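Structure first, commentary second.
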Amino acid sequence: MLGVALDRVLTDSPDAPRALALCAALTAAVILLDAAETVLNGVTTARTTAWLRRRLLGAALATEPRHAAGLDTGDLVTRATGNAAHAGAAPTAAASALGALLTPVGALVALAVIDPWLAVVLGVGTPVLVLLLRAFVRSAGDCVTRYQEAQAAIAARLAEALAGARTIAAAGTVGRERSRALGPLPELSRHGHRMWHVQGRATAQAAVVVPLLQLAVVAVAGLRLGAGRLSVGELLAAGRYAMLAGGIGVLVGHVNTLVRSRAAARRLTPVLRLPPIPYGPDTAPAPAAGGRLELRGVTVRRGGRTVLRGLDLTVPAGATVAVVGRSGAGKSLLAAVAGRLTDPDGGDVRLDGVPLAGLARTELRAAVAYAFARPALLGGTVAEALAYADARTPIAADRAVAAARAADADAFVRALPAGYATPAADVPLSGGELQRLGLARAFARDARLLIMDDALSGLDTATELRIERALLAPGGAPGSGSGADGRPRFGGGGGGGGGTDSGAEGGDAALRTRVRAARGSRLVVAHRAATAARADLVAWLDGGRVRALRPHTELCADPAYRALWDEEPPGA
């Protein structure tokens, strides 16, 4: 249109104003489209990056915890931040690269329409640009991949150093750890310099070849003008088309973005492919209440070793079973299998006769509660951390407070600056206090199966006994309960279940009674003889199987069983 407008202006054509108006309209359209492209690119990149980060986090949390534990924290953070951002730019980079490729092709066609010789001149040099672009993609891909791997290595070491800050300070090895964390920095620098060198070389080569092609096209167009084969307007159009055709050099920048995106996407793929825990359909019927847990022929392998081997174990409804054994016997693994934090390699696990694998996620997580040795306080405030559960099974605030009292945590929580409204991240807690909050969170769930994985290890003996009395005395009546086999329950007899709830009045006392009732079953990973002694039954793990399932007093007749407690600290 510029060429046509110029020719009509030079010939005083009456259509000149119309041609000029059309050129102005096209110029305005270009400006508006550029603005729209900028906004669209930004929105698309942001939404794609956010979508990738949600997918990445969802995949990491939906898989078995053992798979997530295998992901290095620093490396995962790098993938979710920098790598996701680079991968999120792929759609806009691809669209821009396509546009940058179509423009030279269209310019080449337009030159052929104006004069075939112009297209021939441009076509002769185009393969050179294609070869340069291909070499750039090959070289840049390796540089970017190694650069991102070095970044992840630094992030992983930094996260590890921050997690072990107390150990580093105690050992006086700050300088050594700083050197170790930044060890990959020279490699990062080397790959970064190489990456910029590759891009700079490709840009420089294109900057040499492209102007020569443009100059050749304009020179031939000038000769054709002199020969009367082209008009002045066509000469102008040919020059502009030559500039557009030379825009293939712009592809270097877009291709560089695509190379980064591809390398980043490859780093995201292993996380996105983590297998999620499969649950039963939401319409699957829930098992009848009771809490009877059955493990049938359970086999679990870890690291090439069979940890649990054809294990059979039954926890009667309403009973407490303590799991004991030497270090490495598989106690925590058994606890994970019992509540389906991991699936066995063989056999199955049933709750009240229903396979755990067939339960819907909501039903399973409402039926099973966990208390861990090192619980994580998730939620904005302490109150929210105690009531942490699926949104479809909310926990009332008063029940969470009652559970805190049952876990002997209410007093120190109320002593915090804002009590239960104190931000969980700002709470200075000892190991025992943290465990009590974890216990309170589990108590508040009112689940039919409570699994305590070494959840009492940080407590002193007196606190442990108070918690056992508050939670596990059946029906809330001091010392009145017995298990299905007639034996005293956990906290019953021998002082268990005694004591009263000082400070609980009215409706709150009723809530504490509900917490204390503990209608379900309990599976307790025990490291203290006193804990095992207060259980209905003790499951003695040895050699990947349950060697015996009997009360603690009966097992104590076996010297090998007594040897489990020989190194127990005094007073435990």
Side-chain angles (χ1 to χ4, degrees), residues 64-66 69-70 293-316 319-347 349 370-375 431-432 435 438-439 449-461 464-465 468 487 490 521-572:
E64 291 185 16
R66 66 185 178 96
L293 176 68
E294 299 173 87
L295 287 82
R296 302 177 177 179
V298 168
T299 296
V300 183
R301 303 178 185 89
R302 290 292 182 268
R305 182 173 70 95
T306 301
V307 182
L308 301 180
R309 191 187 309 272
L311 181 144
D312 293 314
L313 175 64
T314 297
V315 178
T320 296
V321 173
V323 181
V324 305
R326 294 194 179 278
S327 178
K331 299 184 293 296
S332 291
L333 186 56
L334 173 60
V337 170
R340 208 177 172 225
L341 293 183
T342 188
D343 283 327
D345 297 297
V349 183
Y370 270 95
F372 301 104
R374 292 180 294 275
Q435 278 195 347
L439 287 165
L449 174 62
L450 173 60
I451 300 175
M452 300 168 65
D453 185 3
D454 201 17
L456 305 173
S457 59
L459 307 180
D460 59 85
T461 307
E464 178 183 354
L465 183 57
E468 290 169 357
R487 297 185 179 93
F490 199 43
S521 309
R522 294 160 293 280
L523 187 69
V524 183
V525 174
H527 290 84
R528 292 177 175 177
T531 304
R534 286 190 288 268
D536 296 326
L537 296 169
V538 175
W540 178 10
L541 286 188
D542 187 28
R545 294 186 174 91
V546 176
R547 178 169 174 174
L549 180 64
R550 295 199 298 275
H552 174 76
T553 53
E554 295 182 15
L555 289 175
C556 280
D558 189 331
Y561 179 78
R562 292 199 306 272
L564 294 176
W565 317 108
D566 284 348
E567 299 181 0
E568 183 178 321

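Quick caveat: nothing in here was measured; it's all calculated off a predicted structure. The residues of the chain are indexed from 1 along the displayed sequence.
Under a 3.5 Å cut-off, the side chain of Ser521 and the backbone N or O of Pro316 do form a donor-acceptor pair. Judged by distance alone, the side chain of Tyr370 and the main-chain N or O of Ala335 form a donor-acceptor pair under 3.5 Å. Under a 3.5 Å cut-off, the side chain of Arg562 and the backbone N or O of Cys556 do form a donor-acceptor pair. Remark: side-chain polar atoms of Thr299 are paired, donor with acceptor, to backbone N or O of Gly310 under 3.5 angstrom.
Smallest separation of non-hydrogen atoms from Glu64 and Asp343: OE2-N, 3.4 Å. The minimum heavy-atom distance linking Ala539 with Leu313 is given by the pair CB-CD1, 3.9 Å. Between Val323 and Lys331, the shortest heavy-atom contact is O-CD, 3.8 Å. The two atoms that bring Ala526 and Trp565 nearest to each other are O-CH2, 4.5 Å, heavy atoms only. Nearest heavy-atom pair across His552 and Ala532 is CB-O, 3.6 Å. Here the closest non-hydrogen pair linking Tyr561 and Trp540 is N-CH2, 3.5 Å.
Using a cut-off of 4.0 Å between Lys/Arg side-chain N and Asp/Glu carboxylate O, Asp542 and Arg545 are scored as not salt-bridged.
In this structure, Arg326 and Leu564 have side chains that are in contact, with non-hydrogen atoms separated by less than 4.5 Å. At a threshold of 4.5 Å between non-hydrogen side-chain atoms, the residues Leu459 and Leu439 count as touching. With a 4.5 Å cut-off on side-chain heavy atoms, Arg340 and Thr342 do not count as touching.
The one candidate from Val546, Thr314, Leu334, Asp312 that meets the side chain to side chain contact (heavy atoms under 4.5 Å, CB included) condition with Leu295 is Leu334. Between Val324 and the choices Val538, Thr531, Val524, the side chain to side chain contact (heavy atoms under 4.5 Å, CB included) rule is met once, by Val538. Paired with Val315 under the rule side chain to side chain contact (heavy atoms under 4.5 Å, CB included), one option of Asp536, Ile451, Val321, Leu537 passes, and it is Val321.
With rounding to the nearest 0.5 angstrom, the CG atom of Asp345 is 5.0 Å from the CZ atom of Arg301. Taking CG of Leu549 as the reference point, atom CD of Glu554 lies at 10.5 Å (rounded to 0.5 Å). Atom-to-atom distance recorded for Arg302:CZ and Leu308:CG is 8.5 Å, nearest 0.5 angstrom.
For the residue pair Ser332 / Asp453, a side-chain donor-acceptor distance below 3.5 Å is found, with atom types taken as modelled.
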(request) Go through His527 and Asp454 one step at a time and tell me if the side chain to side chain contact (heavy atoms under 4.5 Å, CB included) criterion holds. (result) CA-CA 7 Å; His527 290 84; Asp454 201 17; 2.9 Å; yes

